[in-house]
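Below, chains carry the letters A, B, ... as their sequence lines are ordered, and counting in each starts from 1. Quick caveat: nothing in here was measured; it's all calculated off a predicted structure.
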Amino acid sequence: MIDVKLIRENLDALRTALTNRGSDINLDAVLELEGKRRQVLHEAEQLRAEQNRANDEIARLKKNKEDASGAIAAMKEVSQKVKALEEKVRDADNALREAMLIIPNTPDASVPIGPDASANRLERQWGTPPEFSFTPKDHVELGEQLGILDFEAGAKVSGARFTVLRGLGARLERALISFMLDTHINEHGYTEILPPFMVLGASMEGAGQLPKFAEEAFTIKDRDLWLVPTAEVPLTNLHRDEILSGDALPICYAAYTPSFRSEAGSYGKDTRGMLRQHQFDKVELYKFTAPEDSAEELEKLTKNAETILQKLGLAYQVVTLSTGDMGFCAAKTYDIEVWLPGQNTYREISSCSNCTDFQARRANIRFRRDKKPEFVHTLNGSGLAVGRTLIAVIENYQQEDGSVIVPEALRPYMGGLERIAAQT
RNA sequence: GGAGAGGUGGCCGAGUGGUUGAAGGCGGCGGCCUCGAAAGCCGUUGUACGGCCUUGCCGUACCGAGGGUUCGAAUCCCUCCCUCUCCGCCA
């Protein structure tokens with residue numbers, strides 16, 4: 001959530017920011033709701049102050065055993081008025097909050113302005129896409145031939161957009177998870193968290209998933225529980241309604257969770273293989289920082305995610321998303337895109353965002369260094385999407401005979417195995 | 001699932017209708033004492049919103065959440081949530 005004061009004091013700047021994001025929010029309507037709330041609140045407070053003064057007087061009279069019936073009778077009417085005004089305040093509050101909850105974060109000044117992905121800015125590239133002396137296969141063909149990816153079984157058990165991993169495929173997924181977590185914990189100083197995979201609606205709202213993106217998430221029937229669409233949701237809410245100590249920052253968490261997404265609106269997109277699934281594993285990086293540190297921490301976090309690809313020897317590039325391509329909560333986002341020979345292109349494998357105080361405001365996460373509590377900044381990034389990393393490993397390390405070389409960094413996690421070959 | 005107990009300030013813990021934002025203690029901060037520290041003593045110590053003569057003062061709200069009763073609710077009533085104990089069930 002953005003600061004209401006921005007609407008009151010910096011309306012034009014905010015209007016520009018939202019236009020750049022392609023948002024069609026009617027700020028004048030929000031401004032009016034804000035003014036209305038303040039006016040009604042003031043009225044209610046005035047009357048309540050009067051009521052409080054009278055109540056003290058009644059208390060005094062009673063204490064002195066004097067007659068208070070006149071004062072009490074007079075206050076009956078005031079009491080009714082106060083009730084009516086309080087109702088109005090509640091309505092005004094709710095209306096304003098509803099409006100505020102669907103306003104996206106304002107973009108950082110360093111973000112390229114543009115309508116969509118075409119305006120994204122390439123920051124850097126690492127490694128070189130492999131050259132093959134044969135026509136490379138995609139992960140579907142490779143995985144099926146090796147007997148490690150079973151798409152039919154996935155469809156039979158759970159329907160479209162589910163895949164079953166078998167044997168060394170399952171082992172490879174597990175190896176990747178452990179490898180990523182170990183790297184971030186031992187080398188990058190993150191604390192490992194294993195959060196619940198289901199969260200309350202309040203947690204979804206705190207992380208910015210609700211109310212706007214209810215369609216994107218899976219929910220549990222008849223309960224206020226949602227399957228996490230990303231570990232970002234439980235991690236954000238780990239410190240909901242807390243005031244952290246200033247010297248505890250930055251707090252850095254790394255968490256493995258599955259991510260559940262309905263992928264509503266992406267029908268027909270990436271239907272082949274396991275590039276886009278209803279359920280995929282992800283190791284998530286998350287930070288709570290002081291406001292002045294968040295820009296630098298985003299750079300570090302992104303590099304931490306890149307380290308995984310470098311250790312695995314996978315070529316990638318980093319792009320800054322444009323104002324039109326960024327997510328709802330983000331002020332700035334770097335996407336990391338890994339080279340996929342099966343698609344002959346770079347594909348997103350990580351998204352690293354600085355959400356500034358947007359989530360902190362929604363989830364009420366603050367810290368104290370002087371007197372006043374201040375909102376923290378929150379950052380998140382995939383480090384990395386495990387399923388897509390598995391695809392990248394299989395496709396980039398494929399051999400002409402259809403076997404796959406295991407990257408050296410993963411061998412300790414695969415019992416020393418150097419090559420995945422078809423089981424005969 | 002059944003039975004019971006409980007949710008109060010950073011923490012512990014009093015408080016069953018009227019100066020209670022809330023006793024007392026711990027912790028924190030400032031001061032005295034000390035060569036320094038500890039101990040001791042004195043003082044101070046929440047958050048949000050709004051207003052103003054804007055380094056402070058004033059108003060309002062907040063005792064799990066939401067409703068209700070009342071001139072007045074931490075205190076009485078209702079609903080919900082959470083925690084703990086015992087039994088049952090279960091990985």
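Atom CD of Gln39(A) is separated from atom C1' of C49(B) by 16 Å (rounded to the nearest Å). What separates NZ of Lys81(A) from C1' of U70(B) is a distance of 19 Å, to the nearest Å. Remark: P of C82(B) and CG of Leu200(A) are 8 Å apart, rounded to the nearest angstrom. With rounding to whole Å, His239(A) atom NE2 is found 16 Å from G10(B) atom C1'. In this structure, Phe367(A) places its CZ atom 18 Å from P of G10(B), rounding to the nearest Å. Atom CZ in Arg37(A) sits about 6 Å away from atom C1' in C49(B), given to the nearest Å. A48(B) atom C1' lies 13 Å from atom CG of Asp3(A), rounded to whole Å. The CG-P distance, from Asp91(A) to G66(B), rounds to 15 Å in whole Å.
Toward the 5' end of RNA chain B, the nearer of the two residues Asp56(A) and Ala71(A), judged by each one's closest nucleotide, is Asp56(A). In terms of position on RNA chain B, the residue among Glu87(A) and Arg48(A) whose nearest nucleotide sits closer to the 5' end is Arg48(A).
For Arg38(A), whose side chain is taken as the heavy atoms from C-beta onward, the closest listed nucleotide among G18(B), G67(B), G50(B) is G50(B). Listed nucleotides: U60(B), G18(B), C71(B). Nearest to the side chain of Ala49(A): U60(B).
For the pair Glu215(A) and Arg261(A), the salt-bridge criterion is not met [side-chain N within less than 4.0 Å of a carboxylate O]. A salt bridge is absent between Lys156(A) and Glu152(A); no separation between the charged side-chain nitrogens and carboxylate oxygens falls under 4.0 Å.
To the nearest whole angstrom, the two P atoms, one in A3(B) and one in U79(B), are 15 Å apart. Across the P atoms, C29(B) and U34(B) are found 22 Å apart, a figure rounded to whole Å. G15(B) sits 12 Å from G6(B) when the P atoms are compared, rounded to a whole Å. Between G27(B) and G10(B), the distance separating the two C1' atoms is 8 Å to the nearest Å. Comparing the same atom, P, in G9(B) and in U47(B) gives a spacing of 14 Å after rounding to whole Å. Spacing between G13(B) and G24(B) at atom C1', rounded to whole Å, works out to 8 Å. With both ends at atom P, the span from G25(B) to C41(B) equals 10 Å, rounded to whole Å. Here the separation of U44(B) from C80(B), taken at their C1' atoms, is 40 Å to the nearest Å.
The base of G59(B) sits with one of its N or O atoms less than 3.5 Å from a complementary donor or acceptor on the side chain of Glu45(A).
One finds no side-chain N or O of Arg368(A) lying less than 4.0 angstrom from the OP1 or OP2 phosphate oxygen of G46(B). Between U70(B) and Ser79(A), no contact under 4.0 Å exists linking OP1 or OP2 to a side-chain N or O. OP1 or OP2 of A61(B) sits under 4.0 Å from a side-chain N or O of Asn52(A). Using a 4.0 Å cut-off, some side-chain N or O of Arg366(A) falls inside it from OP1 or OP2 of A48(B).
At the heavy-atom level, Lys76(A) lies under 4.0 Å from the strands shown only through sugar-phosphate atoms. Nucleic acid contact for Arg53(A): none, since no nucleic acid atom lies under 4.0 Å from a heavy atom of the residue. Contact annotation for Ile58(A): base contact, defined as any heavy-atom pair under 4.0 Å involving a base atom. Counting non-hydrogen atoms under 4.0 angstrom, Gln51(A) reaches the backbone sugars and phosphates but no base. Within 4.0 Å (heavy atoms only), Arg8(A) reaches sugar-phosphate atoms of the nucleic acid but no base atom.
Ring-plane geometry between Tyr286(A) and Phe288(A) is classed as tilted, the angle between the planes lying from 30 to 60 degrees on a 0 to 90 degree scale.
Gln145(A) is linked by a side chain to side chain contact (heavy atoms under 4.5 Å, CB included) to Lys137(A), Glu141(A), counting only residues two or more places apart in sequence or in another chain. Under the side chain to side chain contact (heavy atoms under 4.5 Å, CB included) criterion, Phe151(A) pairs with His139(A), Val140(A), Glu144(A), Leu149(A), Thr163(A), Met274(A), sequence neighbours left out. Remark: Arg369(A) pairs with Ala290(A), Pro291(A), Glu292(A), Phe367(A), Glu374(A) by the side chain to side chain contact (heavy atoms under 4.5 Å, CB included) rule, at least two apart or across chains. Every residue meeting the side chain to side chain contact (heavy atoms under 4.5 Å, CB included) condition with Ser262(A), not counting sequence neighbours, appears here in chain and number order: Glu216(A), Phe218(A), Ala264(A).
Within a 6.0 Å radius of CZ in Arg166(A), other residues, nucleotides and ligands contribute 12 heavy atoms or fewer.
The salt bridge (charged side-chain N to carboxylate O under 4.0 Å, His left out) contacts involving residues 227-255 of chain A comprise nothing, where partners must be two or more places apart or lie in separate chains.
Base-pairing analysis of RNA chain B finds the following stems of at least three consecutive Watson-Crick or G-U pairs, with both pairing distances under 3.5 Å: B:1-7 with B:81-87, B:10-12 with B:24-26, B:27-32 with B:40-45, B:46-52 with B:56-62, B:64-68 with B:76-80.
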